[in-house]
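There's a structure below that I have some questions on.
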Amino acid sequence: NLSDKLQGILKRLRGQGKLTEKNIGEALKEVRIALLEADVNYKVVKGFIERISSKAVGEEVLKSLTPGQQVIKIVHQELIDLMGGHQSKIQMPPNPPLVIMMVGLQGSGKTTTAGKLASMFKKDGRRPMLVAADVQRPAARDQLKVLADSLGVDCFLDHSADRAERVCRDAFKIAEKNGMNPVIIDTAGRLHVDKELMDELVQIKKKILPHEVILVADAMTGQDAVTMAQEFDQKVGIDSIILTKMDGDARGGAALSIREVTGKPVKFIGTGEKLDLLEPFFPDRMASRILG
Amino acid sequence: ALLWNRPNLSPELIEELEETLILADCGVQTSSLIITRLKERYENERDVPSCDILKAVILEILQKAYAPLNTASFKPFVMMVLGVNGVGKTTTIAKMANRLTDQGRHVILIAGDTFRAAAIEQLQIWADSINVKLIKHQIGSDPSAVVFDGIQAARTRGTDCVIVDTAGRLHTKKNLVAELEKMKKVMGREIQGAPHETLLVLDATTGQNAIQQAREFHQKIGLTGIALTKLDGTAKGGIIISIANELSIPVKLIGIGEGIDDLRDFDPHLFVDALFE
Ligand SMILES: Nc1nc2c(ncn2[C@@H]2O[C@H](COP(=O)(O)OP(=O)(O)OP(=O)(O)O)[C@@H](O)[C@H]2O)c(=O)[nH]1
Ligand SMILES: Nc1nc2c(ncn2[C@@H]2O[C@H](COP(=O)(O)OP(=O)(O)OP(=O)(O)O)[C@@H](O)[C@H]2O)c(=O)[nH]1
Ligand SMILES: [Mg+2]
Ligand SMILES: [Mg+2]
């Protein structure tokens, strides 16, 4: 594993003389490979390695009996700091209802995660409304309704509607009138390069003014995570991220890439298909997972 | 554009190639293998532009695994479609059924996802849109029972092709993989050699975990092909090169959109060209 590899390299280097920024490169190469194999984006890895190379020849490493473990500690802490350092939550606005909008690529887990958020808020004593604003995908509205019914939560859907913005506006009026809070909007999956559909999100956002736009991303996403997240953030604007399918064995380097390129926090992770499987995101646990 | 239209292999070029391959999700090991082979061949082909050699190296890996989808090799031809959650199984099945129907073949679909909310409804809408029969039971029923029913129906109707949809499942979930094995056994008992095609659906945006998915499903179930979806996005799907190299599983189909016609046969040449666009 990475720890053993680094230990071997650094002990040999020290045996040959002083550790310097020049010769530490061999050890950092192993860190680089570990991060790339974990699906952290190539350019993000490059910047990361540059940032830690001076720390990697610092006092703790030079003086340590286990320099390999010291380097891992530095890498680990740098990963934690990069991902926000601590847990981040969804804030309730001063004027209800809180409006949440789920966005992301096709199949990332938006509909299921919308249901999970509703479940969480209901357990918190609130009265959420799920909004079936995916008027595209076959049976998308039915899917959300089934989830809502299983939770005993209200779901706004309009089978005759053919425009997402209209559904959101109608749903919001009802939520406001009946004191439902939060309003959780499920949108259709879309490509970040689909100009028309990205524009649709911009229009919905203008009219509905969501407090929290959540980018739902698959934990197994590869190098494309950077392009995708950047486009969603620049074209639409996102407030936070939920990483789904973390119950698999993907290392999840996409989490680092997405955080790095958007600066937005990962707030939750999805750890299964059932609606109670949403957990808060812990940067230190993610750092360990990425390093393998 | 890469520096590579000139026939030389400078360190700058090598680094640029490595970046291109890794950004395409080829992975560290496979990118390194490709570059090693490029360097070896370059020694004997110094007047050939390095880009041509590079494409040839990758094509060689893909072509070793290559095999087309041949649904006419048995009747009824039984195809099982599996993969992790949300990759595009159900949509790809609808596209395949549409293509076969256009070719004048008689198709039956089997709603083998008896778990996920509105999964059966989703496939029913697709089936209705292309006028194809869907065999289904209630949500929560045993998927092997639906498979059994669907195959009986195919036999009595003289169906050419049966396609079985399955619920998304992570390769790490033992009981869910066991469920697929049971469905496969039922098919094999009822129709000789079934399933004749076991297709793994992979999302082109997936990173290195795709290789683990292919390894696990191949070991436990046995895969005969891959459908690579969502190539209409910006992800390149380089993971299929590692899969071809390590497991010899061929990509047979690609998904290039959400519409019923957005299905193409895999073309290794076009794929390799797209890697460097
Ligand atoms: N194992 C696992 N599966 C998940 C998780 N979240 C969602 N899924 C599954 O992933 C698949 C896709 O989920 P959906 O909620 O339909 O995804 P979506 O983003 O709404 O898809 P589109 O609306 O088509 O863009 C389904 O099979 C879900 O059950 C998770 O955290 N773990
Ligand atoms: N852009 C694009 N989207 C696709 C493609 N194939 C499927 N999709 C979309 O991906 C999402 C998931 O597709 P499904 O067919 O439901 O995927 P699945 O594997 O059956 O999902 P589960 O049954 O929940 O595991 C849907 O929104 C599809 O429209 C493709 O080739 N390109
Ligand atoms: Mg959805
Ligand atoms: Mg499906």
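Computed from a predicted model, the values in this text were never measured in an experiment. A note on names: the letters A, B, ... follow the listed sequences, proteins ahead of strands, and every chain is numbered from 1.
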A:Asp249 side chain vs B:Thr172 backbone, donor-acceptor pair below 3.5 Å: no
Audit row: A:Arg137, B:Ile125, side chain to side chain contact (heavy atoms under 4.5 Å, CB included) steps and yes/no: CA-CA 10 Å; A:Arg137 170 174 153 152; B:Ile125 291 173; over 6 Å; no
Toward chain A, the part of B:Gln213 with a non-hydrogen atom under 4.5 Å: side chain
Residue selection (most heavy-atom pairs with chain A, distance under 4.5 Å) from B:Gln212, B:Glu121, B:His171, B:Arg116: B:Arg116
Contacting moiety of B:Gln122, where chain A heavy atoms sit under 4.5 Å: both
Side chains of A:Leu105 and B:Asp203 in contact at under 4.5 Å (non-hydrogen atoms): no
Taking every non-hydrogen atom, the tightest pair across B:Glu19 and A:Tyr42: CG-CE2, 3.3 Å
Distance-only polar pair, side chains of A:Asp224 and B:Thr205, donor-acceptor under 3.5 Å: no
Side chain, backbone, both or neither of B:Val84 within contact of chain A (heavy atoms, under 4.5 Å): side chain
Closest non-hydrogen atom pair, A:Gln143 against B:Ala117: CG-O, 3.5 Å
Which atom of B:Val28 lies closest to which atom of A:Glu37, heavy atoms considered: CG2-CG, 4.1 Å
Neighbour count >12 (heavy atoms, 6.0 Å) for atom CD, B:Glu181: yes
Spacing of B:Thr206 atom OG1 and A:Lys245 atom NZ [to the nearest 0.5 Å]: 8.0 Å
Check against salt bridge (Lys or Arg N to Asp or Glu O under 4.0 Å), B:Glu18 and A:Arg32: CA-CA 13 Å; B:Glu18 185 199 48; A:Arg32 177 179 172 270; 3.1 Å; yes
Which portion of B:Lys173 sits near chain A, non-hydrogen atoms under 4.5 angstrom: side chain
Heavy atoms of other groups near A:Glu231 CD, more than 12 under 6.0 Å: yes
Smallest separation among heavy atoms of A:Val193 and B:Asp232, with atom names: CG2-O, 4.2 Å
A:Asp39 to B:Asn209 - nearest heavy-atom pair and separation: OD2-N, 4.2 Å
